[in-house]
Amino acid sequence: QVQLVESGGGLVQAGGSLRLSCAASGSIFNINVMGWYRQAPGEQRELVATITGGGSTNYADSAKGRFTISRDNAKKTVYLQMNSLKPEDTAVYYCAAGPRRPGYWGKGTLVTVSS
């Protein structure tokens with residue numbers, strides 16, 4: 001089994017920044033893709049960004065130019081640097097991992113952006 005633990009969420013004013021971290025532990029093998037999803041109140045869970053073990057990244061249009069995903073394979077940790085935050089970024093952010101699509105999920109960390 002793989003465990004994913006997120007950290008770094010909190011309250012920030014519009015225009016500010018936050019850095020989320022997700023540490024993986026357990027039987028970590030056959031894990032290629034790690035990423036971040038979010039779910040805002042009353043909305044569906046959506047993809048924010050993903051990164052492969054080789055460093056290839058993919059971003060939602062809403063995240064491009066503001067968010068940066070990175071990965072430390074030695075630490076088995078994925079990060080999400082969020083800049084220029086907007087109130088509409090308010091959501092629970094979930095870490096996910098799997099061979100090609102999410103098979104493991106973290107419990108989420110809340111990000112609240114005030115105007």
Side-chain angles (χ1 to χ4, degrees):
Q1 298 295 319
V2 173
Q3 294 81 45
L4 303 173
V5 180
E6 305 99 332
S7 62
L11 175 65
V12 66
Q13 292 186 342
S17 299
L18 283 174
R19 179 179 169 90
L20 305 183
S21 299
C22 172
S25 62
S27 301
I28 306 171
F29 61 91
N30 198 30
I31 297 296
N32 183 42
V33 179
M34 298 187 73
W36 293 92
Y37 291 69
R38 69 186 183 187
Q39 186 168 18
E43 299 185 6
Q44 299 278 85
R45 187 175 299 185
E46 64 178 358
L47 172 71
V48 178
T50 60
I51 186 168
T52 68
S56 297
T57 59
N58 181 49
Y59 294 92
D61 288 341
S62 61
K64 291 179 181 177
R66 300 189 300 124
F67 295 1
T68 302
I69 189 169
S70 60
R71 178 171 179 165
D72 186 330
N73 290 329
K75 293 183 177 180
K76 299 176 180 178
T77 300
V78 65
Y79 306 92
L80 185 68
Q81 178 67 46
M82 304 186 292
N83 298 325
S84 301
L85 284 162
K86 306 173 181 179
E88 51 263 44
D89 293 319
T90 295
V92 176
Y93 284 70
Y94 297 90
C95 181
R100 299 183 184 276
R101 58 180 58 85
Y104 302 95
W105 294 86
K107 294 186 180 297
T109 185
L110 178 63
V111 172
T112 302
V113 184
S114 63
S115 60

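Everything numeric here is computed off the predicted structure, so don't read it as measured data. Numbers here simply count residues along the sequence, with the first being 1.
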J.: Checking V48 against M82 for the side-chain contact (heavy atoms from CB on, under 4.5 Å) test, could you report, in this order, the C-alpha distance in whole Å, the side-chain angles of both residues, the deciding distance, and whether it holds?
T.: CA-CA 11 Å; V48 178; M82 304 186 292; over 6 Å; no
J.: Test Y94 against L4 for side-chain contact (heavy atoms from CB on, under 4.5 Å), laying out the working first.
T.: CA-CA 9 Å; Y94 297 90; L4 303 173; over 6 Å; no
J.: Tell me, with the steps shown, if Q81 and S17 meet side-chain contact (heavy atoms from CB on, under 4.5 Å).
T.: CA-CA 7 Å; Q81 178 67 46; S17 299; 4.0 Å; yes
J.: Is it the case that the side chains of N32 and T52 hold a donor-acceptor pair, with the cut-off being a distance below 3.5 Å and no angle test?
T.: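 No.
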J.: Check whether any side-chain heavy atom of F67 sits under 4.5 Å from a side-chain heavy atom of L85, and report yes or no.
T.: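 Side-chain contact under 4.5 Å: yes.
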J.: Do any N or O atoms from the side chain of E6 and from the backbone of K107 form a donor-acceptor pair under 3.5 angstrom?
T.: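 Confirmed, E6 side chain pairs with K107 backbone.
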J.: Under a 3.5 Å distance rule, please check whether Y59 uses its side chain to pair with a backbone N or O of I69 as donor and acceptor.
T.: yes
J.: Set out, in order, the CA-CA distance, both residues' side-chain angles and the distance that settles side-chain contact (heavy atoms from CB on, under 4.5 Å) for Q13 and S114, then state yes or no.
T.: CA-CA 5 Å; Q13 292 186 342; S114 63; 3.7 Å; yes
J.: Could you tell me whether E46 and R38 have a side-chain N and a carboxylate O separated by less than 4.0 Å?
T.: yes
J.: Between D61 and K64, does any NZ, NE, NH1 or NH2 come within less than 4.0 Å of an OD or OE carboxylate oxygen?
T.: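 Here K64 pairs with D61 in a salt bridge, since their nearest N and O are under 4.0 Å apart.
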J.: For A49 versus L80, what's the shortest heavy-atom pair and its separation?
T.: CB-CD1, 4.4 Å
J.: I need the minimum non-hydrogen distance between A24 and M34, along with the two atoms involved.
T.: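 Result for this residue pair: CB-CE, 4.3 Å.
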